[in-house]
Asks: 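Next up is a structure, given as structure tokens.
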Amino acid sequence: MIFTKLLALLVTCLYALGSVGVFWGIPAGRQRVKTAGILFTCGGFALHTLLVVGIVLLTPPEELSRGYFMQLLAWCILLAYFVGWRLLKSNFLSLTAAPLALLLFILAYKVGAAQLELPETLQALFLLLHIAPMFTSLGLLTLAFGAALLFLHMDRKLKAKAKLTEFDRDLPALGAYDRINHLAVILGFPLYTLGIAAGFIWAPLTWGTGTWDPKEIFSLFVWFLYALTFYLRILRGWRGRKAALLILGIFGISVFSLLGVNLLLPTRHGFSFLSLVAHA
């Protein structure tokens with residue numbers, strides 16, 4: 001366990017350095033600082049991968065903590081960023097990649113060792129059919145969120161004919177952001193649908209029948225908005241500003257569902273707000 005704790009600390013430090021590098025280097029046009037930030041982020045992701053695999057190999061499935069799943073979510077988000085980075089060959093995606101991973105890692109420390117209740121016979125399928133698709137879709141959604149923010153930023157500047165900064169001139173054309181959003185919706189919605197369907201099957205098997213808790217209600221709301229965005233993009237041909245605003249809405253509700261509901265509201269999926277305070 002000392003090894004995994006040390007590895008987690010190294011990953012956190014590398015993501016912190018990566019965040020400083022990209023936020024200082026990209027807007028200021030400092031190529032060396034930007035490159036260093038990207039390399040720190042890549043190094044953090046490599047160690048992060050080792051950490052995720054190592055914990056699974058060293059820890060029985062029934063002992064995996066909620067903190068581990070938060071680290072896994074951070075890994076899925078970074079993986080989505082690197083895939084988008086590779087496809088578009090643009091380093092602007094690193095602006096939000098390392099900071100988001102760093103934030104989730106800090107939250108993983110806070111939620112501590114709270115165990116995830118699940119029957120032993122369902123654990124492998126739970127990871128495969130619920131956790132993996134949900135986290136992958138959230139990674140794609142986070143990627144689309146960053147692209148939507150930059151799309152709105154550049155769209156506003158171009159329409160106002162405002163002077164472009166060095167940072168603005170380094171950004172890709174508006175169509176690149178729209179392609180990211182399209183990819184996130186095309187791939188993310190089916191994955192989210194699979195994950196949420198598996199979750200609603202697993203819930204009664206794990207906790208028995210009962211009233212829906214806030215997490216399940218918010219997840220359904222996110223699914224409805226995701227489905228609406230999928231319909232509008234594919235069948236109605238929505239592009240540009242409207243599609244970007246929809247992505248921002250879905251992402252905002254998803255963040256509240258993940259953090260606000262899990263930490264503050266009474267839910268079976270919660271991270272236990274009291275234990276979080278105790279570890280602060």
Side-chain angles (χ1 to χ4, degrees), residues 69-70 72-84 87-88 93 96-97 100-101 103-104 125-152 155 174-203 212-263 265 267-270:
F69 287 104
M70 187 69 80
L72 182 61
L73 175 59
W75 184 86
C76 289
I77 288 175
L78 262 294
L79 179 62
Y81 270 93
F82 281 116
V83 170
L87 291 176
L88 293 174
L93 297 174
T96 49
L100 282 169
L103 174 61
L104 288 172
L125 284 175
F126 175 79
L127 289 172
L128 181 63
L129 297 179
H130 179 61
I131 295 296
M134 289 291 286
F135 282 9
T136 304
S137 67
L138 288 173
L140 290 167
L141 183 60
T142 306
L143 179 66
F145 166 75
L149 282 180
L150 289 172
F151 177 92
L152 294 173
D155 183 61
L174 292 179
Y177 310 118
D178 207 57
R179 287 196 299 273
I180 292 175
N181 284 340
H182 185 76
L183 179 68
V185 172
I186 292 296
L187 298 179
F189 174 65
L191 288 171
Y192 194 89
T193 301
L194 173 61
I196 199 172
F200 274 97
I201 294 172
W202 257 253
W212 288 3
D213 69 14
K215 177 69 174 181
E216 293 164 356
I217 294 172
F218 271 93
S219 296
L220 273 181
F221 188 40
V222 170
W223 180 87
F224 172 78
L225 290 178
Y226 228 150
L228 177 63
T229 305
F230 186 86
Y231 165 76
L232 291 173
R233 285 204 70 109
I234 304 305
L235 298 181
R236 299 294 299 274
W238 272 32
R239 297 290 185 272
R241 182 178 177 82
K242 291 181 179 180
L245 290 173
L246 268 175
I247 288 293
L248 294 186
I250 296 172
F251 180 80
I253 297 171
S254 297
V255 169
F256 180 76
S257 175
L258 178 66
L259 301 180
V261 174
N262 280 18
L263 292 173
L265 298 181
T267 170
R268 295 171 297 196
H269 301 75

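For clarity, every value in this text was computed on a predicted model and none was experimentally measured. Residues: numbered from 1 along the sequence shown.
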Asks: Test your reading of the model: is there a side-chain donor-acceptor pair from Tyr177 to the backbone of Leu149, 3.5 Å cut-off?
Replies: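 Judged by distance alone, no pair lies under 3.5 Å.
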Asks: Parallel, tilted or perpendicular: which fits the ring planes of Phe145 and Phe251, with parallel below 30° and perpendicular above 60°?
Replies: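 Ring orientation of Phe145 relative to Phe251: parallel.
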Asks: Return the OG1 to CD1 distance between Thr229 and Ile234, rounded to the nearest 0.5 Å.
Replies: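 Reported value, rounded in 0.5 Å steps: 10.5 Å.
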Asks: Counting C-beta onward and ignoring hydrogens, is there a side-chain heavy-atom pair between Leu79 and Thr136 closer than 4.5 Å?
Replies: no
Asks: Side chains of Arg241 and Asp178: closer than 4.5 Å at any heavy-atom pair?
Replies: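 Arg241 vs Asp178: side chains apart.
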Asks: Would you give the length of the straight line joining atom OH of Tyr231 to atom CG of Leu228, rounded to the nearest 0.5 angstrom?
Replies: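 Tyr231 atom OH to Leu228 atom CG measures 9.0 Å (nearest 0.5 Å).
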Asks: How long is the gap from OH on Tyr226 to CD1 on Ile253, to the nearest 0.5 Å?
Replies: 12.5 Å
Asks: Shortest non-hydrogen contact from Ala144 to Ala184?
Replies: CB-CB, 3.6 Å
Asks: Is any side-chain heavy atom of Asn181 closer than 4.5 Å to a side-chain heavy atom of Arg233?
Replies: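 Yes, their side chains come closer than 4.5 Å.
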Asks: Looking at every heavy atom in both Tyr81 and Thr142, which two are closest together, and how far apart are they?
Replies: OH-O, 3.4 Å
Asks: Looking at Ala148 and Ala244, what are the two nearest heavy atoms and their distance?
Replies: CB-O, 3.7 Å
Asks: Which value, rounded to the nearest 0.5 Å, describes the distance between Leu187 atom CG and Leu140 atom CG?
Replies: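 If we round to the nearest 0.5 Å, Leu187:CG and Leu140:CG are 6.0 Å apart.
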Asks: CD1/Ile247 to CD1/Ile180 distance, rounded to the nearest 0.5 angstrom?
Replies: 11.0 Å
Asks: Under 4.5 Å between any side-chain heavy atoms of Ser254 and Leu138, yes or no?
Replies: yes
Asks: Kindly compute the distance separating CZ (Phe221) from CD1 (Ile250), expressed to the nearest 0.5 Å.
Replies: 10.0 Å
